[in-house]
Colleague: 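One structure follows; several queries about it will come next.
Note on naming: letters A, B, ... go to the chains in the order of the sequence lines (proteins, then strands), and numbering restarts at 1 for each one. Note that this is a predicted model, so its numbers are computed, not measured.
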Number of protein chains: 4
Amino acid sequence: MVQSHPRRRSAAAHRAILEAVRDLLLESGYERLSMDGIAARAGVGKQTLYRWWPSKAAVVAEATVAGLVWNGGGEVPETGDVAVDLRAWLTVLVESTAERASLVRALISASADDRGEARRLYLRFTGPHRDAVLARLRRGVDSGQVRPDADLDAVADACVGTLLFQVLTDNENHSASRLDGLLRLLLPGLLVHPRTTGAPEPPGDHH
Amino acid sequence: MVQSHPRRRSAAAHRAILEAVRDLLLESGYERLSMDGIAARAGVGKQTLYRWWPSKAAVVAEATVAGLVWNGGGEVPETGDVAVDLRAWLTVLVESTAERASLVRALISASADDRGEARRLYLRFTGPHRDAVLARLRRGVDSGQVRPDADLDAVADACVGTLLFQVLTDNENHSASRLDGLLRLLLPGLLVHPRTTGAPEPPGDHH
Amino acid sequence: MVQSHPRRRSAAAHRAILEAVRDLLLESGYERLSMDGIAARAGVGKQTLYRWWPSKAAVVAEATVAGLVWNGGGEVPETGDVAVDLRAWLTVLVESTAERASLVRALISASADDRGEARRLYLRFTGPHRDAVLARLRRGVDSGQVRPDADLDAVADACVGTLLFQVLTDNENHSASRLDGLLRLLLPGLLVHPRTTGAPEPPGDHH
Amino acid sequence: MVQSHPRRRSAAAHRAILEAVRDLLLESGYERLSMDGIAARAGVGKQTLYRWWPSKAAVVAEATVAGLVWNGGGEVPETGDVAVDLRAWLTVLVESTAERASLVRALISASADDRGEARRLYLRFTGPHRDAVLARLRRGVDSGQVRPDADLDAVADACVGTLLFQVLTDNENHSASRLDGLLRLLLPGLLVHPRTTGAPEPPGDHH
DNA sequence: ATCTAATCGAGACGGTACGTCGGGTCTTCAT
DNA sequence: ATGAAGACCCGACGTACCGTCTCGATTAGAT
């Protein structure tokens with residue numbers, strides 16, 4: 001379909017590029033991805049690529065945020081019990097990460113590559129996950145389950161950071177265990193009435 | 001113990017290479033570091049580099065391990081109060097990381113680049129820090145301050161992971177705050193008698 | 001006629017490369033000539049070199065053909081006397097070769113290096129010289145001076161071969177003498193009436 | 001067997017090296033021959049190689065002259081008829097060269113590589129052939145068949161040069177024809193009574 | 001319907017770095 | 001005290017990408 005304004009042609013190219021990135025990432029990984037390769041696969045001139053994105057990291061970020069690459073994990077369930085919901089969210093996050101560890105590693109590389117892009121990747125890639133869990137925790141504060149003075153950002157960063165650390169150290173098979181342990185440790189400090197969860201008993205109830 | 005490589009390896013070349021890596025990392029970062037550059041700076045043939053290390057990540061790992069890059073932070077104070085000691089350790093860790101953020105970024109890159117090397121970096125680079133804090137926590141268990149069923153590895157990984165995550169997202173000025181928030185959240189789950197710390201008061205169910 | 005390569009080849013780069021080859025050959029000879037060196041001197045990427053020429057021998061061949069290296073000697077004088085003209089041509093050829101012996105050595109090397117290129121060098125480099133002398137000899141046949149059954153190719157190859165052999169064996173100061181001796185030996189077999197030349201008298205069996 | 005004097009061990013090494021050169025030349029040609037390869041094949045340290053020969057060209061020259069590589073062609077038959085003997089010699093020379101054209105090319109490369117070695121190669125490699133034919137021609141002078149004023153060196157160089165030129169231009173299938181044509185052209189100038197040969201009729205015999 | 005100007009694909013360009021090979025020198029160790 | 005083994009520095013190899021820069025061809029909108 002031909003659009004009236006010539007600039008509209010770029011829409012097809014734009015889409016072709018993001019799809020090429022997705023395909024090539026799945027086929028060979030971030031390391032072997034090249035701007036030349038993307039252009040060739042997308043049937044696009046390299047100029048067109050560089051017109052819109054400054055670097056490999058940037059175009060990967062865009063493909064990511066466009067939902068073509070990692071579209072899962074943005075939702076946190078809402079059962080009414082913060083502890084149950086957090087545990088469910090972490091389970092999904094661990095599985096989602098395990099399935100695309102190489103992509104996560106790719107994004108870490110991209111992030112470390114380009115300090116300017118790092119911020120954008122942070123916002124686009126991990127942002128939605130952090131936002132979702134923060135929103136859930138804030139609703140927990142509103143409902144009185146979560147202590148209002150708890151540092152919710154610290155909870156989110158500890159979860160994401162622990163997960164990234166496992167990926168980074170090729171220790172992914174411990175991710176679920178570590179996050180479970182972490183959650184058990186966090187809940188007493190996070191919740192107003194921690195005993196209602198599967199967390200360790202609050203102090204003073206034993207001996 | 002016998003070296004894994006055949007003998008007669010040049011100690012001078014070895015040392016010159018590790019020093020060149022350190023210098024170049026500090027000057028320009030991991031991304032701009034090249035095998036050519038290392039060889040040139042060290043006054044060494046590229047063959048010598050490739051004879052002993054398979055990749056840039058590997059030689060960066062070795063330079064790290066040799067203590068030339070991040071040799072501090074292996075100690076955790078012992079005042080008798082686990083909470084105080086943890087806080088002190090985290091403070092030192094944050095400062096030490098801030099001082100060499102570019103090197104930490106280099107190590108993260110190396111880790112993400114080379115999955116094989118990632119494990120070595122994990123064991124050798126973050127290992128000492130993790131070991132130190134784990135040892136301190138275990139002594140806390142022995143002295144009855146720390147709950148014996150707490151997942152101590154989760155504590156260590158959450159702290160290190162949170163810190164690395166801040167570095168990765170160029171968010172270092174929040175590192176101290178995040179780790180303080182995290183520690184306050186963890187202590188109630190970690191300690192037998194959390195009230196003795198600066199952590200938020202548990203929810204009121206104590207006498 | 002359409003270029004075999006796709007269009008848009010850079011004329012400036014092409015010329016710069018051939019000039020660099022010429023200069024470097026004159027400075028250091030074929031053996032010390034390198035693709036790296038050519039690229040650096042020409043201010044050209046190595047890829048550009050390899051895009052258009054498969055080997056050092058090929059680019060040397062092209063530089064030759066471009067007339068930048070050995071552009072003289074393509075003419076044979078026409079006085080009406082074949083013997084005189086051949087002698088004059090050989091004199092010029094010997095001098096021309098002596099002046100650029102190192103380039104001739106380079107061409108011999110290129111030829112020996114690369115069997116595929118050898119043929120091109122044969123056709124393009126020595127070809128003009130051979131063609132010129134063959135044309136002169138054929139006119140001699142037409143005018144009745146040269147025996148029609150003489151193997152003219154053999155004459156040309158013997159002259160060029162003798163000359164190259166002297167160069168190859170670093171025996172150039174005998175080139176003139178050898179070719180003079182050769183010509184005297186050839187003329188009796190070549191000419192219908194050899195006595196008109198400066199060649200040694202045939203053995204006395206002529207009236 | 002162990003000799004009393006350590007230097008004697010070198011004899012075995014020396015021989016092993018020359019044999020390795022022969023084998024490797026036959027297997028892969030001069031271009032792919034390397035000092036490393038020779039040392040490895042001969043079971044000899046590189047130092048031992050460099051102790052005795054300064055370059056690849058030199059050791060190839062030695063292997064040649066040792067008769068390991070090109071041991072044929074040194075003889076010229078003596079039937080009493082110079083023309084017949086020359087023709088026979090050229091036939092053998094052409095065949096011998098055709099069988100090892102790649103070696104001849106190698107020697108040309110070596111010669112052009114190393115101007116210092118060129119002279120030695122000349123003496124060792126083509127020398128015997130030239131000497132043999134010159135000796136035969138001189139005997140022809142003595143017997144009155146060959147004109148005493150003929151430039152015998154020019155004959156030898158023209159034959160060898162023509163042959164090398166054919167090899168160099170990958171034109172070997174014409175070698176026999178060219179040398180036959182050359183010989184027919186030379187004989188009238190070379191012999192006292194040229195009509196006794198298969199050379200073209202001397203001038204004046206036709207019409 | 002023709003012209004004009006923007007934009008496209010294609011890919012050549014100057015570069016940097018890659019990982020490998022070979023050259024010639026120097027050192028170690030076993031004989 | 002020799003000689004194999006091979007590490008060393010060096011330089012070149014040929015390839016892969018980088019990001020920039022033309023080329024024509026295509027085509028949309030103005031004439």
Colleague: For Gly43(B), which contact category applies under a 4.0 Å heavy-atom criterion: base, sugar-phosphate, or nothing?
Modeller: sugar-phosphate

Colleague: Which is more 5' along DNA chain E, the nucleotide nearest Met35(D) or the one nearest Ala39(C)? Just name the residue.
Modeller: Ala39(C)

Colleague: Ignoring hydrogens and geometry beyond distance, is the side chain of Gln47(C) in donor-acceptor contact with the base of dA16(F) at under 3.5 Å?
Modeller: yes

Colleague: Ile38(D) has an atom CD1; how far is it from atom P of dC21(E), in whole Å?
Modeller: 18 Å

Colleague: Atom CZ of Arg9(C) to atom C1' of dC21(F): distance rounded to whole Å?
Modeller: 18 Å

Colleague: Where each residue is assigned the nucleotide of DNA chain E containing its nearest heavy atom, which of His14(C) and Tyr50(B) is assigned the position nearer the 5′ end?
Modeller: His14(C)

Colleague: Which is more 5' along DNA chain F, the nucleotide nearest Lys56(C) or the one nearest Ala11(B)? Just name the residue.
Modeller: Ala11(B)

Colleague: Arg15(C) CZ to dG14(E) C1': how many Å, rounded?
Modeller: 20 Å

Colleague: Check the distance between dT16(E)'s P and Arg32(B)'s CZ and give it to me in whole angstrom.
Modeller: 12 Å

Colleague: Which whole-number value in Å describes the distance from Glu31(C) CD to dA12(F) P?
Modeller: 11 Å

Colleague: Counting only side-chain heavy atoms from C-beta out, which of dG22(E), dT20(F), dT15(F) sits nearest to Lys46(A)?
Modeller: dT20(F)

Colleague: To the side chain of Ser34(C), which of dG9(E), dA12(F), dC18(F) is closest?
Modeller: dA12(F)

Colleague: What's the closest nucleotide to the Trp52(C) side chain, out of dA4(F), dC13(E), dG24(E)?
Modeller: dC13(E)

Colleague: Can a side chain N or O of Trp53(D) be found less than 4.0 Å away from OP1 or OP2 on dG24(E)?
Modeller: no

Colleague: Using whole Å, what does the distance between atom C1' of nucleotide dC26(E) and atom CG of Leu49(D) come to?
Modeller: 16 Å

Colleague: Less than 4.0 angstrom from a charged side-chain N to a carboxylate O is my criterion; do Lys56(D) and Glu31(D) meet it?
Modeller: no

Colleague: Any side-chain heavy-atom pair from His14(B) and Trp52(B) closer than 4.5 angstrom?
Modeller: no

Colleague: Report yes if at least one side-chain N or O of Arg51(A) is closer than 4.0 Å to OP1 or OP2 of dC8(E); otherwise report no.
Modeller: yes

Colleague: Out of Val167(C), Val60(C), Leu25(C), which residue meets the side-chain contact (heavy atoms from CB on, under 4.5 Å) rule with Leu107(C)?
Modeller: Val60(C)

Colleague: Tyr30(C) OH to dA12(F) C1': how many Å, rounded?
Modeller: 14 Å

Colleague: Atom CG of Leu33(C) and atom P of dC13(F): how far apart are they, to the nearest Å?
Modeller: 8 Å

Colleague: Just so I know, are the side chains of Arg41(C) and Asp36(C) near enough to count as touching, which here means a heavy-atom distance under 4.5 Å?
Modeller: no

Colleague: Measuring to OP1 and OP2 of dA7(F), would you say a side-chain N or O of Thr48(B) lies under 4.0 angstrom away?
Modeller: no

Colleague: Is the shortest side-chain N to carboxylate O distance from Glu27(C) to Arg22(C) below 4.0 Å?
Modeller: no

Colleague: Select from Asp36(C) and Ala13(B) the residue whose nearest nucleotide in DNA chain F is closer to the 5' end of that strand.
Modeller: Ala13(B)

